[in-house]
Amino acid sequence: MMERYKLIKEVGDGTFGCVWRAINKETGEVVAIKKMKKKYYSWEECVNLREVKSLRKMSHPNIVKLKEVIRENDILYFVFEYMEWNLYQLMKDREKLFSEAEVRNWCFQVFQGLTYMHQRGYFHRDLKPENLLVTKDIIKIADFGLAREINSQPPYTEYVSTRWYRAPEVLLQSYLYSSKVDMWAMGAIMAELFTLRPLFPGISEADEIYKICSVIGSPTKDSWADGLCLARDINYQFPQFSGVHLSVLVPSASNDAISLMTSLCSWDPSKRPTAAEALQHPFFQSCFYVPPSLRSRVAVARTPPSARTRGALEQQSAKRHSGAFTTSKLTSNYPSPKLHASLSTGVQRKLDLVDQLCANSYVFVVKDMSKNDKSLKSSVKQPRYRPPGKNSPTSTNKGKTGRGVLEATEKLANMTLGSRRQSVGQPRHSPMKTGVQCPPMKAGVQWNSGSGDMFLRHAQDIQHGRTYSRKVVG
Ligand SMILES: Nc1ncnc2c1ncn2[C@@H]1O[C@H](COP(=O)(O)OP(=O)(O)OP(=O)(O)O)[C@@H](O)[C@H]1O
C-alpha cells in the first residue's frame, strides 16, 4: 500500500504523528501523509479514532480532505490533500502586517468551514494557527484529532486545545463546553493575524486566565454569571482587571474587525456568535460568493498570501468578473449603521450560500470594499512576542522551529500568580486570596497545594507528560 507513495520531506511534527510531503507514484499527486506515532494492532482500533470518524464524514472546501487511511505493519497513515503552509508559518517571520483583506479572506473561509462542521454536529476543540492550512488563497481546517461530536456525552475531561487559544470555560474546567470553544479560538487567532502576536500568550493555565482578564476585563455577574459559579466551584478567584479596548491592542484593525473579535472573545460562550452568525457580521460585508461556474476563472496568485500586495487578488478578481456574479453582495444581521436598507434581504441569501457550501461549493472573498483598512499604514514596530527563555521558537521538539513551551518551564510557571508576578516585577495586580482551601478533587483536575495557591491542569496532561508545545516545522 505505502509503496504507492514516495515520501519527500517531513513537514510537520505534531503530538500524535509526523507529517510528510509525499507523491503518489501512480498519479503524480502531491499529498500529505501523517504517520501516527502510536502503533495500531487492528483496524477496529483505527476506525474508532476521532480523526477517522469525524473527517470521513466531512467534505467541504475549507476542511482538509482525508483521502485514504492505510494501516501497514501496525503503523497507521492518513493521506491528506497537501497544503503548502500553515498560518503560523506565514506569520512567524513576517515583518509587515497582513492587510485586513487577507485577514478577512482567511477568516471568512474558516467560518464557512466551521459553520459546516458545527452544523453537522462536530466541533474542533484545537483550533490554532498551526491547524489552519493555506495554499494560495485557500485556507482549510486541519487536525481533527480532538474533534468531538456535539451531541456526544459530557463530561469532557481529557486534554483540550492549545493553551493560547483555549476558551475560559475549558480553562475553568467546565465539562459542558460546546462549539463556542472554536469561536473563542477564532477571536484569538483573528487578533494574532492582525498583530502577528498571540493575544493571550499565557505561560501556564493560571497565567492564561490572568492574560485573558487583563485584556477583556475580569468577568462579572453581567458578563458571565456561569463563569463566576465555575470559578467558585474550583475555589478560584479571578484577578481584577477592567480590561482594554481591543482597538488599543489591535490598532491596525477596522472597527468592524474589532467588533467581531470582541464578540468572539466574550467570556460567556452564549454571547459569542455562532460561525454562521459570524459570517453575517459587517466585517464580512464585502465578501462575495463565487459560484462553481466561475471558479476556474478566479485568479489565483502563485505566491502565498504573505508575499502578495494588499487585496491585489481580490481587486483583480473583482475586476475580471465584475457584473458576472449570480449572487449579490451579502449583508449582515448585525446592527450596523453601515448597512443599507436595500441589502436587508441578503441575510437569507447568505444563509442560502452557507447551505450551498454544504453541497461542497466554493466560497471566496473576491473584493475588499473596506474603506477602513488600516494595515497598510502600519508595520510591525516591536519584535514579535516570543515565549520566554527555553520557549523560543527555535528550541522545540527535535530542534525544529516552533513556539514550544517546555513542560519543565511550564511547571515553574505554574507557581502562584501573586508571587510570580511580584518576582518578575509586574505587580499590576495580585489575585485576591481568601484563605485558599483545596477544593474537592474532581476527575481531570490536578490540585497543586505546594505553593498554597492553585493552578488548573488536566490530570491527563501530567500523567502522559504531555506538554502544550507548539510543534511546527518550518
Ligand atoms: N494536509 C497537510 N498538508 C501539509 N501540511 C500538513 C498537513 N496536515 C498537517 N500538516 C503539517 O503538520 C503539522 C502537524 O499536523 P497535525 O496538527 O495534524 O498533527 P498532530 O499530531 O495532530 O498535531 P497537534 O500537536 O497539533 O495535535 C501541521 O501544523 C502542519 O504544519
Side-chain angles (χ1 to χ4, degrees), residues 5 7-24 29-40 46 49-55 58-70 75-93 110 113 123-136 138-148 158-166 181-182 185 189 192 304 306 393 396-398 400-407 458 460-461 464-474:
Y5 293 99
L7 300 185
I8 308 287
K9 185 176 184 272
E10 190 181 314
V11 292
D13 187 9
T15 315
F16 303 108
C18 53
V19 180
W20 285 74
R21 181 153 57 90
I23 288 189
N24 181 327
E29 185 186 19
V30 179
V31 292
I33 298 186
K34 181 167 172 178
K35 180 181 171 195
M36 298 301 276
K37 292 179 178 168
K38 177 181 172 299
K39 287 211 163 181
Y40 290 84
C46 308
L49 279 176
R50 285 215 189 99
E51 195 150 13
V52 180
K53 287 209 289 193
S54 46
L55 262 178
M58 277 182 257
S59 175
H60 186 277
N62 301 115
I63 296 177
V64 78
K65 186 92 204 117
L66 175 62
K67 294 167 153 304
E68 206 179 347
V69 183
I70 298 172
I75 298 173
L76 185 63
Y77 302 90
F78 292 109
V79 182
F80 292 102
E81 63 177 313
Y82 182 75
M83 301 292 289
E84 287 172 48
W85 312 91
N86 67 50
L87 268 192
Y88 170 62
Q89 290 167 329
L90 291 182
M91 286 192 288
K92 73 180 160 70
D93 296 321
V110 175
F123 53 106
H124 189 286
R125 305 200 302 168
D126 195 18
L127 282 182
K128 55 183 171 180
E130 290 92 328
N131 287 340
L132 295 174
L133 306 185
V134 175
T135 291
K136 295 171 182 151
I138 308 296
I139 189 163
K140 303 195 185 208
I141 305 167
D143 190 7
F144 282 71
L146 290 169
R148 174 178 279 288
E158 74 273 51
Y159 169 85
V160 172
S161 74
T162 304
R163 191 194 315 115
W164 293 351
Y165 310 95
R166 196 177 303 164
V181 298
D182 292 341
I189 292 170
E192 188 168 340
S306 55
T396 53
N397 219 24
K398 299 182 192 163
K400 291 177 184 132
T401 308
R403 292 191 277 182
V405 178
L406 302 177
E407 181 147 58
H458 290 96
Q460 184 180 332
D461 298 340
H464 300 305
R466 175 162 178 160
T467 67
Y468 295 93
S469 302
R470 314 189 57 144
K471 300 168 196 156
V472 179
V473 176

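As the structure lists them, so they are numbered: ligands from 1, and atoms in each ligand from 1. Note that the coordinates shown come from a computational prediction; the quantities given were computed from them, not determined experimentally.
Distance CG/Asn62 to NZ/Lys140: 7.0 Å, rounded to 0.5 Å. Residue His60 holds its NE2 atom at 11.5 Å from NZ of Lys65, rounded to the nearest 0.5 Å.
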(request) Could you walk me through whether Glu68 and Tyr5 pass side-chain contact (heavy atoms from CB on, under 4.5 Å), step by step? (result) CA-CA 12 Å; Glu68 206 179 347; Tyr5 293 99; 2.5 Å; yes
(message) salt bridge (Lys or Arg N to Asp or Glu O under 4.0 Å), that's the test. Do Lys34 and Asp143 meet it? Break it down for me.
(response) CA-CA 10 Å; Lys34 181 167 172 178; Asp143 190 7; 3.8 Å; yes
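Assignment of Lys128 to the shell around ligand 1 is supported, since a heavy atom sits closer than 4.0 Å.
For ligand 1, the atoms sitting less than 4.0 Å from at least one non-hydrogen atom of Phe80 are 1 (N), numbered in the order shown with element in parentheses. For ligand 1 and Gly12, the ligand atoms under 4.0 Å from any heavy atom of the residue are 12 (O), 13 (C). When each atom of ligand 1 is checked for a heavy atom of Gly17 under 4.0 Å away, the hits are 21 (O). Counting atoms of ligand 1 from 1 in the listed order, those under 4.0 Å from a heavy atom of Tyr82 are 3 (N), 4 (C). Residue contact check: Glu81 has heavy atoms under 4.0 Å from atoms 1 (N), 2 (C), 3 (N) of ligand 1. Counting atoms of ligand 1 from 1 in the listed order, those under 4.0 Å from a heavy atom of Val64 are 1 (N). Counting atoms of ligand 1 from 1 in the listed order, those under 4.0 Å from a heavy atom of Asn131 are 17 (O), 26 (O). Against a heavy-atom cut-off of under 4.0 Å, Asn86 is close to the following atoms of ligand 1: 29 (O), 30 (C), 31 (O).
The only member of Lys37, Lys38, Met36, Lys35 that meets side-chain contact (heavy atoms from CB on, under 4.5 Å) when paired with Leu76 is Met36. Between Val11 and the choices Arg21, Met83, Glu84, the side-chain contact (heavy atoms from CB on, under 4.5 Å) rule is met once, by Arg21.
Although no hydrogens or angles enter the test, the distance criterion places no donor-acceptor pair under 3.5 Å between the side chain of Asp182 and the main chain of Phe123. The backbone N or O of Val181 sits nowhere less than 3.5 Å from a side-chain atom of His124 that would complete a donor-acceptor pair.
Here the shortest heavy-atom distance to atom 14 (C) of ligand 1, taken over Val19, Val11, Val134, belongs to Val19.
Looking at ligand 1, you won't find any N or O of Ala32 less than 3.5 Å from one of its N or O atoms. In terms of polar-atom proximity, defined here as any N/O pair under 3.5 Å, Asp143 does make such a contact with ligand 1.
By the criterion of a heavy-atom distance under 4.0 Å, the side chain of Lys34, and not its backbone, is placed next to ligand 1.
Residues Ile141 and Leu132 are in side-chain contact: their nearest non-hydrogen atoms beyond the backbone lie under 4.5 Å apart.
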